[in-house]
Amino acid sequence: MEHLINSKVQNIEVSGIRKFYNMVSHINDVISLTIGQPDFHTPEHIKKAGIKAIEDNFTSYTPNAGINELRVAACHFVSQKYGLSYNPESEVIVTMGASEAIDISFRTILTEGTEVILPGPIYPGYEPIIRMCGAVPIHVDIRNNQFRFNLEMIKPYITDQTRCIVLPYPSNPTGVSLTDFELKEIAEYLQDRDIFVLADEIYSELIYEQPHTSIASFLKEKTIVINGLSKSHAMTGWRIGFLFAPENITKHILKVHQYNVSCANSVAQKAALAAVTAGMDDALPMKMEYSQRRDYVYNRLTEMGLNVVKPDGAFYFFVKIPDSMNLNSLEFALEMVHQAKVAVVPGSAFSNYGEGYFRLSFACSLETLEKGLNRMEQYLNIKNPHS
């Protein structure tokens with residue numbers, strides 16, 4: 001019966017991140033620098049709020065958009081943190097993680113043949129959804145611009161079919177973010193154009209040198225902001241995301257959300273309420289730790305002679321594989337797993353423009369990073385002695 005499966009689904013693949021993880025998960029004594037989630041536990045006060053919700057039997061359906069007090073608190077959170085103003089009654093939806101928010105956004109705004117402009121390399125979660133909507137992903141090669149996706153790079157790709165531009169910053173896999181100036185330039189150019197912006201800001205609380213700026217502060221009327229608690233509050237498994245947009249957009253996205261999941265998990269919503277109120281600054285100690293790890297890893301990688309851009313945020317490095325090794329990214333990653341017992345993610349998982357690179361996550365302890373980087377350095381010295 002497989003021949004009857006929707007061809008759009010048949011033609012997409014499992015995420016390259018997961019595919020590689022499954023390939024190497026059986027190998028013993030491997031230090032994994034692949035993980036894309038915080039290595040911290042969910043803060044105690046948030047867990048207690050979830051437990052209390054269960055004890056109080058708060059286990060029924062909630063309003064489709066989420067419980068009112070959480071929507072109020074989420075709007076207050078982005079107002080205090082990023083200067084964004086949204087009406088909690090009509091301009092925010094509580095979703096099952098940022099992933100669902102991305103899915104329902106694309107399914108609302110895309111139609112057959114429309115185009116979505118994305119930077120490349122990029123997280124693999126966007127393109128399959130775009131294709132299932134019958135739309136066309138258009139990747140822009142940002143490798144020679146320090147992974148920065150600015151207006152001059154975007155303009156040549158805009159056509160009459162352009163429906164949306166994806167701004168995923170800080171970026172997975174590069175850790176790069178955009179400046180106020182770069183965002184304002186894009187916003188001004190799009191002001192008179194019928195093009196949406198999908199701003200995936202899930203790492204907004206993990207920026208190291210400067211405050212996070214959302215393009216919605218310059219272009220609210222055309223921007224769908226995606227955020228959530230997975231990265232900021234170490235709540236990946238709680239599956240709580242937030243979608244912010246003007247009412248004339250959210251009222252349609254809400255319909256897709258309603259038929260998709262009805263509502264987000266009720267218990268997780270109560271935990272999320274604690275996260276965005278009493279836990280407004282829960283990310284700060286995590287960010288301080290990540291910053292130390294980032295600096296340590298950057299120094300080690302540069303000492304190894306590797307070509308790397310220092311990330312502004314998130315917890316990833318996107319590292320160029322030395323040309324002299326003559327290996328593609330999958331070959332490199334597999335060889336390093338088997339010979340050095342270190343796992344990183346092949347760059348090819350992040351679109352064709354990730355080929356020739358690997359992603360290294362520093363969401364693990366300094367001790368683990370030191371051990372893994374020691375193994376990596378030894379491997380590189382053997383395989384690439386003249387680097």
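Checked by atom type and distance alone, the side chain of Tyr379 never pairs as donor or acceptor with a backbone atom of Val337 at under 3.5 Å. Using a distance-only test at 3.5 Å, with no hydrogens or angles considered, a donor-acceptor pair links the side chain of Asn374 to the main chain of Glu370.
Salt bridge status for Arg131 with Glu127: present, with a side-chain N to carboxylate O gap under 4.0 Å. A salt bridge does not link Arg143 with Glu355: none of the charged nitrogens is closer than 4.0 Å to a carboxylate oxygen. The pair Arg293-Asp39 counts as a salt bridge, with a side-chain nitrogen and a carboxylate oxygen less than 4.0 angstrom apart. Using a 4.0 Å cut-off between a side-chain N of Lys or Arg and a carboxylate O of Asp or Glu, Arg148 and Glu182 qualify as a salt bridge. Salt bridge status for Asp281 with Lys81: present, with a side-chain N to carboxylate O gap under 4.0 Å. By the 4.0 Å N-to-carboxylate-O rule, Asp103 lies close enough to Arg107 to be salt-bridged with it. By the 4.0 Å N-to-carboxylate-O rule, Glu44 lies close enough to Lys47 to be salt-bridged with it. Contact check on Asp194 versus Lys222 returns no salt bridge, with no Lys/Arg side-chain nitrogen under 4.0 Å from an Asp/Glu carboxylate oxygen.
Judged purely by distance below 3.5 Å, without hydrogens or angles, the side chains of His252 and Lys255 pair a donor atom with an acceptor atom. His212 and Glu205 share no donor-acceptor pair across their side chains, judged by distance under 3.5 Å alone. Between the side chains of Asp200 and Tyr126, a donor-acceptor pair is found at a separation under 3.5 Å.
Taking the six-membered ring for Trp and the full ring otherwise, the centers of Phe242 and Tyr86 sit at least 6.0 Å from each other. In this structure, Phe350 has its ring center under 6.0 Å from that of Phe318.
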Going through the checks in order, is the side-chain hydrogen bond (donor to acceptor under 3.5 Å, both in side chains) test met by Ser105 and Thr108?
CA-CA 5 Å; Ser105 296; Thr108 301; over 6 Å; no
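For the pair Trp238/Met96, no side-chain contact is recorded, criterion being any heavy-atom separation below 4.5 Å from C-beta on. Side-chain atoms of Leu360 and Val297, non-hydrogen and from C-beta on, do get closer than 4.5 Å to each other. Counting only heavy atoms from C-beta outward, the side chains of Val197 and Cys164 never approach each other to under 4.5 Å. With contacts defined as side-chain heavy-atom distances shorter than 4.5 Å, the pair Lys220/Leu84 does not qualify. Here the side chains of Thr34 and Ser361 are not in contact, with every heavy-atom distance at 4.5 Å or above.
Across Met288, Glu289, Arg294, a single residue satisfies side chain to side chain contact (heavy atoms under 4.5 Å, CB included) together with Gln292, and that is Glu289. The ring pair (Phe, Tyr, Trp, His ring centres under 6.0 Å) test with Phe362 is passed by exactly one of Tyr316, Tyr296, Phe317, Tyr298: Phe317.
Partners of Phe77 under the ring-ring contact (aromatic ring centres under 6.0 Å, His included) rule, at least two apart in sequence or in another chain, do not exist in this structure.
Here the closest non-hydrogen pair linking Val344 and Ala333 is O-CB, 3.9 Å.
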